[in-house]
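Right, one structure below, let's go through it.
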2 protein chains.
Amino acid sequence: MGALAEGLTRNQALVLDRLVAAGTPLSAYAILDALRPSGLKAPLQVYRALDRLVDRGLVHRLESLNAFIACCHDQHDRTAVFLICQRCGAVDEEDAPTLQGAIADLARASNFAVDSVVLEIKGLCRGCR
Amino acid sequence: MGALAEGLTRNQALVLDRLVAAGTPLSAYAILDALRPSGLKAPLQVYRALDRLVDRGLVHRLESLNAFIACCHDQHDRTAVFLICQRCGAVDEEDAPTLQGAIADLARASNFAVDSVVLEIKGLCRGCR
DNA sequence: GCAAATGACGTTATGCTATAACATTTCATT
DNA sequence: AATGAAATGTTATAGCATAACGTCATTTGC
Ligand SMILES: [Zn+2]
Ligand SMILES: [Zn+2]
Ligand SMILES: [Zn+2]
Ligand SMILES: [Zn+2]
């Protein structure tokens, strides 16, 4: 089946399984289409599951793609950074301790209290450049 | 009238003027509604103008807001960073030389060729924290 | 000049992304 | 069992973005 994490509801597990199996970003509607055979019928079922998964840090939303991707780490000490290949669509998620520091400095200089960071880098991956 | 930059078409000038006057991010549809009295009627008129303005660097798209904001600089030597206040909606655009370097290092380590960077920081601004 | 190419424009229709609102169900706690 | 919290199911709607078509104006090269 694929119980990929404990304490997930059926819908949440379905959505997470699908994202993990894909390994690439999927839109909510792509997830919905993939899960119709499993009984999901409406966008809201997917969006609600995604909300919980994102809250738990098991899934990330990619703002510049309007898509979601399974987290490939156990936990995040640092801000996540996404390297998004514009040719093959691959997305590489990395922690960014150095960037974290630079962002903190920038925010401090502006007297800005950071809550969250969206950091998505577009370009060509190792294999496509 | 407000010819804010040379070489702009009528629609482009209308959209840019509106964004500059707002000083805050506006959605394409908010811009359209504001410009209906000026004769604009369809989303595509706004989106096309925005495309050109973004190409020229006169306007930035904020991915996490699905909105657009006028650039407050003459030109960009560095990647633009946006500090987005979640309480009052203010957006502060800054250059980020230090971050630029950290991003370059990260990309180099992954053998990734950077094309563009989306960097949007959410939190509380100076006045709202 | 004039034809071709280019780019902006106008319009209609369509598609993709996300949430509102409401009723119902499930499950843990008391 | 009663309560409350969270998840679910369903329908409808709102918000964001582009496809596809034809037209018009400007520029470029002959
Ligand atoms: Zn992650
Ligand atoms: Zn690639
Ligand atoms: Zn700018
Ligand atoms: Zn504020």
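Order of the sequence lines sets the chain letters (A, B, ...), proteins ahead of strands, with each chain counted from 1. From a predicted model like this one, the values you see are computed outputs, not experimental measurements.
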Are the side chains of [Y] and [X] in contact, using a 4.5 Å heavy-atom criterion?
{"X": "B/Val81", "Y": "B/Glu93", "result": "no"}
{"X": "A/Val91", "Y": "A/Thr24", "result": "no"}
{"X": "B/Leu19", "Y": "B/Val59", "result": "yes"}
{"X": "A/Val15", "Y": "A/Arg18", "result": "no"}
{"X": "A/Glu94", "Y": "A/Asp92", "result": "yes"}

What integer distance in Å separates [X]:[atom1] from [N]:[atom2]?
{"X": "B/Leu53", "N": "C/dG7", "atom1": "CG", "atom2": "P", "result": "17 Å"}
{"X": "B/Leu8", "N": "C/dC9", "atom1": "CG", "atom2": "C1'", "result": "15 Å"}
{"X": "B/Leu50", "N": "C/dA8", "atom1": "CG", "atom2": "C1'", "result": "15 Å"}
{"X": "A/Asp51", "N": "D/dA6", "atom1": "CG", "atom2": "P", "result": "14 Å"}

Report yes or no: do A/Leu99 and B/Leu83 belong to one cluster of Ile/Leu/Val/Met/Phe/Trp/Tyr joined by side chain heavy-atom distances under 4.5 Å?
-> yes
Same cluster (ILVMFWY, side-chain, under 4.5 Å), A/Leu106 and A/Phe112 | yes
With a 3.5 Å cut-off and sequence neighbours excluded, list the donor-acceptor pairs that the side chains of residues 44-54 of chain A form with protein atoms.
unit_1, atom_1, unit_2, atom_2, d
A/Gln45, OE1, A/Lys41, N, 2.7
A/Gln45, OE1, A/Ala42, N, 2.9

Base versus backbone protein contacts along nucleotides 9-16 of chain D [heavy-atom cut-off under 4.0 Å; B, S, -] = BBB----B
Can you establish whether the number of heavy atoms outside B/Arg87 located under 6.0 Å from its atom CZ is more than 12?
-> no
Quick one: list whatever passes salt bridge (charged side-chain N to carboxylate O under 4.0 Å, His left out) with A/Asp33, sequence neighbours left out.
-> A/Arg36
Establish, with yes or no, whether the OP1 or OP2 oxygen of C/dG7 is under 4.0 angstrom from a side-chain nitrogen or oxygen of B/Thr9.
-> no
Listed pairs, N/O of protein and of nucleotides 24-28 of chain C, under 3.5 Å:
none

Can you list, pair by pair, the side-chain donor-acceptor contacts under 3.5 Å of residues 61-70 of chain A, counting residues two or more places apart and other chains?
unit_1, atom_1, unit_2, atom_2, d
A/Arg61, NE, A/Glu63, OE1, 3.2
A/Arg61, NE, A/Glu63, OE2, 3.4
A/Arg61, NH2, A/Asn66, OD1, 3.1
A/Ser64, OG, A/Glu120, OE1, 2.5

Degree of bending, the helix from C/dG1-D/dC30 to C/dT30-D/dA1 (end axes from five pairs; round to 10°) = 40°
